[in-house]
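Step one of this worksheet: look at the structure below.
Remember, it's 1-based here, ligands and their atoms both numbered in the order they're listed. Values below: all heavy atoms of this structure, side chains included; hydrogens, waters and symmetry mates excluded.
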Amino acid sequence: MLTMKDIVREGDPVLRNMAEEVELPPTEEEIATLHEMLTFLKNSQDEEIAEKYELRAGVGLAAPQIGLPKRMIAVHFQDFDEKEYSYGLFNPKIISHSVAKTYLTGGEGCLSVDREVPGYVPRYNKITVKATDLNKNEVKLKLKGYAAIVFQHEIDHLNGVMFYDHISQEDPFLIPDNTVACDE
Ligand code: 4LI
Ligand code: NI
């Protein structure tokens with residue numbers, strides 16, 4: 001089982017490198033790893049399990065965060081209209097996005113970052129993601145608001161990008177034009 005000791009922390013170059021595409025169809029080993037990443041997220045959100053294994057809660061995890069430079073992400077959360085998102089995805093790609101942006105009013109956290117970084121992280125408010133899921137099926141997901149933020153945060157990890165790269169140096173709480181708040 002994956003625990004916090006498996007999570008790579010900032011400073012490790014794997015978090016700053018471009019991850020490699022997964023050759024399709026994924027191997028059974030790659031599928032098993034992605035299942036483990038999804039289980040980590042579920043465990044991290046289960047109060048009893050999280051306390052027992054000292055897991056920090058997360059809703060998303062990218063393979064580079066466990067030291068694996070491959071284009072794989074897991075997400076597990078509900079958005080505010082109770083819609084469930086639970087996916088393990090290979091080669092996720094943003095194929096289109098809105099002009100309008102959004103940001104989490106509480107800022108963003110990351111399992112690989114053991115400090116609070118204050119500021120708003122502007123992201124596209126709507127995105128369409130194409131990927132291959134754990135059943136080896138191609139999926140196309142239309143996401144907005146919180147869901148769009150979580151997927152963008154995880155896909156960024158595949159490109160060596162950290163959330164704080166998007167925070168304005170001059171004013172961390174600057175809200176760009178055409179940007180709506182996202183409270184979650
Ligand atoms: C316990 C059980 C306030 C502060 C509000 C906690 C179950 C922050 C928000 C959770 C913040 C669950 C989260 C992310 C933020 C903050 C991630 C709590 C886990 C809220 C997820 C990837 C950014 C995702 C909204 C510094 C580890 N997650 N909160 N950001 N939750 N969680 N991110 N921001 N301020 N990070 O962290 O999984 S996208 Cl579900
Ligand atoms: Ni992260």
Best match, [options]: closest heavy atom to [atom]:
atom	options	answer
atom 36 (N) of ligand 1	Gly119, Gly109, Gly58, Ser44	Gly109
atom 19 (C) of ligand 1	Ala50, Gly60, Ala57	Ala57
atom 17 (C) of ligand 1	Val113, Ile149, Val59	Val59
atom 22 (C) of ligand 1	Glu108, Glu154, Arg123	Glu154

Protein heavy atom at shortest distance from [atom]:
atom	value
atom 20 (C) of ligand 1	Tyr146 OH, 4.9 Å
atom 25 (C) of ligand 1	Glu184 O, 3.4 Å
atom 7 (C) of ligand 1	Gln45 CG, 3.9 Å
atom 8 (C) of ligand 1	Gly106 O, 3.4 Å
atom 34 (N) of ligand 1	Gly107 O, 2.7 Å

Need the atom name: nearest N/O/S atom of His153 to the Ni ion (ligand 2).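 It is NE2 of His153.
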Could you pull out the atom name of the N/O/S atom in His157 that is nearest the Ni ion (ligand 2)?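 Checking each N, O and S atom of His157, the shortest distance to the Ni ion (ligand 2) belongs to NE2.
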Is it the case that the side chains of Asn125 and His97 hold a donor-acceptor pair, with the cut-off being a distance below 3.5 Å and no angle test?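 No, Asn125 and His97 have no side-chain donor paired with an acceptor closer than 3.5 Å.
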Give a yes-or-no answer on whether the side chains of Arg16 and Asn159 include a donor-acceptor pair shorter than 3.5 Å.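 No, Asn159 and Arg16 have no side-chain donor paired with an acceptor closer than 3.5 Å.
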Mark yes or no for whether Asn91, through its side chain, and Val22, through its backbone, hold a donor-acceptor pair below 3.5 Å.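 Judged by distance alone, yes, a pair lies under 3.5 Å.
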Check this for me, if you would: do Glu84 and Lys42 make a salt bridge, where the nitrogen-to-carboxylate-oxygen distance has to be below 4.0 angstrom?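 Salt bridge between Glu84 and Lys42, a charged N being under 4.0 Å from a carboxylate O: no.
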List the steps and the verdict of side chain to side chain contact (heavy atoms under 4.5 Å, CB included) for Met37 and Leu2. CA-CA 7 Å; Met37 288 165 60; Leu2 290 173; 4.1 Å; yes
Test item: protein heavy atom less than 4.0 Å from atom 10 (C) of ligand 1: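 Looking at atom 10 (C) of ligand 1, one finds that a protein heavy atom does lie closer than 4.0 Å.
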Within-cutoff protein neighbour (heavy atom, under 4.0 Å) for atom 29 (N) of ligand 1: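 No; the ligand atom in question lacks any protein heavy-atom contact below 4.0 Å.
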May I ask you to check if Arg115 and Tyr164 form a cation-pi contact, with NZ or CZ under 6.0 angstrom from the six-membered ring centre and within 45° of the axis?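 Cation-pi check for Arg115 and Tyr164: passes.
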Check the angle between the aromatic planes of Tyr87 and Tyr85 and answer parallel, tilted or perpendicular using the 30° and 60° thresholds.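 Tyr87 vs Tyr85 ring planes: tilted.
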Take the angle between the ring planes of His153 and Phe163 and call it parallel below 30°, perpendicular above 60°, tilted in between.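 Ring orientation, 0 to 90° scale: parallel.
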Can you name the nearest heavy-atom pair linking Ser44 to Gly58, along with the distance?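 Residues Ser44 and Gly58, closest heavy atoms: OG-N, 3.1 Å.
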